[in-house]
Number of protein chains: 2
Amino acid sequence: MATGRTHRPATRSRGIPEATVARLPLYLRALTALSERSVPTVSSEELAAAAGVNSAKLRKDFSYLGSYGTRGVGYDVEYLVYQISRELGLTQDWPVVIVGIGNLGAALANYGGFASRGFRVAALIDADPAMAGKPVAGIPVQHSDDLEKIIQDNGVSIGVIATPAGAAQAVCERLVAAGVTSILNFAPTVLSVPEGVDVRKVDLSIELQILAFHEQRKAGEEAAAASDGGVPAAAVRSDSTDQGPDGDMPAVMPA
Amino acid sequence: MATGRTHRPATRSRGIPEATVARLPLYLRALTALSERSVPTVSSEELAAAAGVNSAKLRKDFSYLGSYGTRGVGYDVEYLVYQISRELGLTQDWPVVIVGIGNLGAALANYGGFASRGFRVAALIDADPAMAGKPVAGIPVQHSDDLEKIIQDNGVSIGVIATPAGAAQAVCERLVAAGVTSILNFAPTVLSVPEGVDVRKVDLSIELQILAFHEQRKAGEEAAAASDGGVPAAAVRSDSTDQGPDGDMPAVMPA
DNA sequence: ATGTCTTTGTGAACGCGTGCACAAAGATGG
DNA sequence: CCATCTTTGTGCACGCGTTCACAAAGACAT
């Protein structure tokens with residue numbers, strides 16, 4: 001799971017728990033599917049199954065939004081779609097810029113799930129002059145020299161960073177300085193941002209590493225116990241350098 | 001000397017908290033960077049800063065692995081890199097298949113962060129016959145008819161699904177039937193799997209929606225309060241159909 | 001109108017994760 | 001060898017999130 005940073009004791013004001021917010025998009029997706037099949041109402045049990053969560057959890061989540069259900073019947077699909085959309089801020093248009101148009105940046109630009117949720121790719125930005133003008137997903141790539149102007153002209157407040165790790169912090173700072181207050185970071189690095197700026201990160205290799213952990217566990221504890229003994233530092237060193245010269249490196253080659 | 005044949009508590013019921021496991025890759029990344037700069041030791045404070053977490057949390061996380069630090073000094077970087085790698089199962093080679101070679105699948109195939117962590121892309125699989133044989137990231141794409149054989153021949157236990165949502169569940173079932181027990185799912189859909197199979201999901205649009213929520217909050221509570229009153233179902237319907245015909249759609253176009 | 005049946009909304013208990021604060025361990029210097 | 005200083009490892013308390021279990025609310029049939 002990507003984690004938000006900036007740990008405050010929680011927004012005790014309007015207080016929808018973070019965990020609930022993170023599930024709302026899940027519910028919304030399931031509800032949209034039901035809506036397309038013209039299903040009028042749905043029970044917490046059915047919807048929970050479709051969203052892959054516990055029904056009690058779902059009801060508690062919805063209780064934070066208000067009492068939108070009808071006892072004995074369930075929830076009105078269309079109404080709930082609207083309420084959740086509104087709560088998430090998806091009833092308005094969110095212009096987004098993607099910085100770093102490598103393989104991943106291009107994939108994001110082509111990703112259909114954005115447009116269908118109120119997100120509009122306002123611009124694609126890359127540091128490589130050779131990319132400038134080249135259309136990706138029908139949008140011409142612009143050079144990063146114009147980053148600030150692009151942000152301001154389009155009123156962008158959400159930025160996506162898909163650059164190599166080494167460039168991410170600098171890009172982040174320019175985005176923030178230009179007015180961006182929410183950042184989705186795909187670069188494998190920790191971004192430091194001023195108070196008031198939200199960062200969520202998605203690290204593809206971290207997810208795989210977590211799977212590997214569980215996979216190893218499943219593969220049997222006996223193997224781990226066998227190769228247990230203390231390992232000399234020398235062995236360690238050679239092992240880690242074996243990994244190749246890329247080490248912590250770039251998520252995606254930026255053209 | 002952190003080592004010195006620390007006798008394993010053995011009784012450690014292998015109970016490493018999920019939250020800790022999820023942070024180990026973060027520490028590993030930071031440690032790898034230090035290792036490349038030939039930094040010999042690091043304090044919990046420094047490493048925590050580099051990994052973007054609290055130092056107390058980091059020390060507690062490491063305490064689950066054992067006592068690998070030296071009081072008054074800190075942690076031996078190389079030794080810790082090895083211990084965490086071993087704990088995560090990264091000292092062995094993990095063959096991985098990627099199913100669905102669209103924009104995202106191709107980006108994943110090109111992603112450098114995999115190979116550098118012990119993950120090896122054993123095969124690329126796509127349902128489009130036109131893709132078969134075409135090299136992506138230097139690896140020829142194979143047709144999904146051969147999925148089972150590919151899995152078994154390569155001893156693959158980790159699969160990555162980057163297909164459209166509609167195909168994901170079917171692909172998932174074939175992977176599991178062929179012996180895959182860990183799945184990283186990029187398709188925007190809930191996968192149901194038998195007991196013993198781990199699934200982690202990455203949904204790009206969900207992350208953006210969470211950011212939008214906080215962005216809306218930051219943009220001011222007054223706007224939300226103003227447009228609050230009950231909204232008729234009619235308005236809701238038109239709003240949701242405005243979203244276009246893609247609705248819940250595919251993460252990535254597969255070719 | 002009344003009773004029955006279904007499903008919501010939520011109080012309460014519980015468990016996990018986080019952060020504090022400090023004692024113990026070891027390095028370092030005299 | 002002793003004193004001092006640094007940093008780890010962890011006991012403890014707290015708060016968030018999850019789950020259970022059930023009373024209240026409304027639909028529906030008679």
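Below, chain A is the first sequence line, B the second, and so on; all start at residue 1.
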*Rounded to whole angstrom units, what separation is found between the CG atom of A/Leu58 and the P atom of C/dT10?*
14 Å
*Please state how far atom OH in A/Tyr68 lies from atom P in D/dG26, giving the value in whole angstrom units.*
16 Å
*asked:* Ignoring hydrogens and geometry beyond distance, is a side-chain donor-acceptor pair present between B/Arg59 and B/Ser44 at under 3.5 Å?
replied: yes
*asked:* Rounded to whole Å, how long is the line connecting atom CZ of B/Phe62 with atom P of D/dT7?
replied: 16 Å
*Upstream residue (5' side of DNA chain C) when A/Gly72 and B/Asp61 are each assigned their closest nucleotide*: A/Gly72
*For atom NZ of A/Lys60 and atom P of C/dG9, their distance in whole Å*: 12 Å
*Does a donor on one side chain sit under 3.5 Å from an acceptor on the other, for A/Glu215 and B/Thr181?*
yes
_Nearest to the side chain of A/Thr70, heavy atoms from C-beta on, is which of C/dT10, D/dG26, D/dT10?_
D/dG26
*With a 3.5 Å cut-off and no angle check, do the side chains of B/Glu36 and B/Thr32 form a donor-acceptor pair?*
no
*Between B/Asp61 and B/Tyr27, do the side chains contain an N or O donor and an N or O acceptor separated by less than 3.5 Å?*
yes
*asked:* Quick check: any donor-acceptor pair below 3.5 Å linking the side-chain of A/Lys57 to the base of D/dT19?
replied: no
*Out of D/dG9, C/dG9, D/dA27, which nucleotide sits closest to the side chain of B/Ser63?*
D/dG9
*Expressed in angstrom and rounded to an integer, what is the separation of A/Leu65 atom CG from C/dT10 atom C1'?*
15 Å
*Is there a donor and acceptor pair closer than 3.5 Å between the side chain of A/Arg71 and the base of C/dT8?*
yes
*Report the distance from atom CG of B/Leu47 to atom P of D/dT7, rounded to the nearest whole Å.*
14 Å
*asked:* So if I take every side-chain heavy atom of B/Arg23 and compare against C/dC20, C/dT18, D/dT18, which nucleotide ends up nearest?
replied: C/dT18
*Find the distance A/Ile16:CD1 to D/dC16:P and express it as a whole number of Å.*
15 Å
*Toward the 5' end of DNA chain D, by each residue's nearest nucleotide, A/Val73 or A/Asn54*: A/Asn54
*Within less than 4.0 Å of OP1 or OP2 of C/dT7, is there a side-chain N or O belonging to A/Ser43?*
no
*Length of the CD-C1' vector between B/Glu18 and C/dG15, whole Å*: 15 Å
*Which one, C/dT8, C/dC20, D/dT8, comes nearest to the side chain of A/Tyr75?*
C/dT8
*Please identify each residue that fulfils ring pair (Phe, Tyr, Trp, His ring centres under 6.0 Å) with B/Phe213, with sequence neighbours left out.*
none
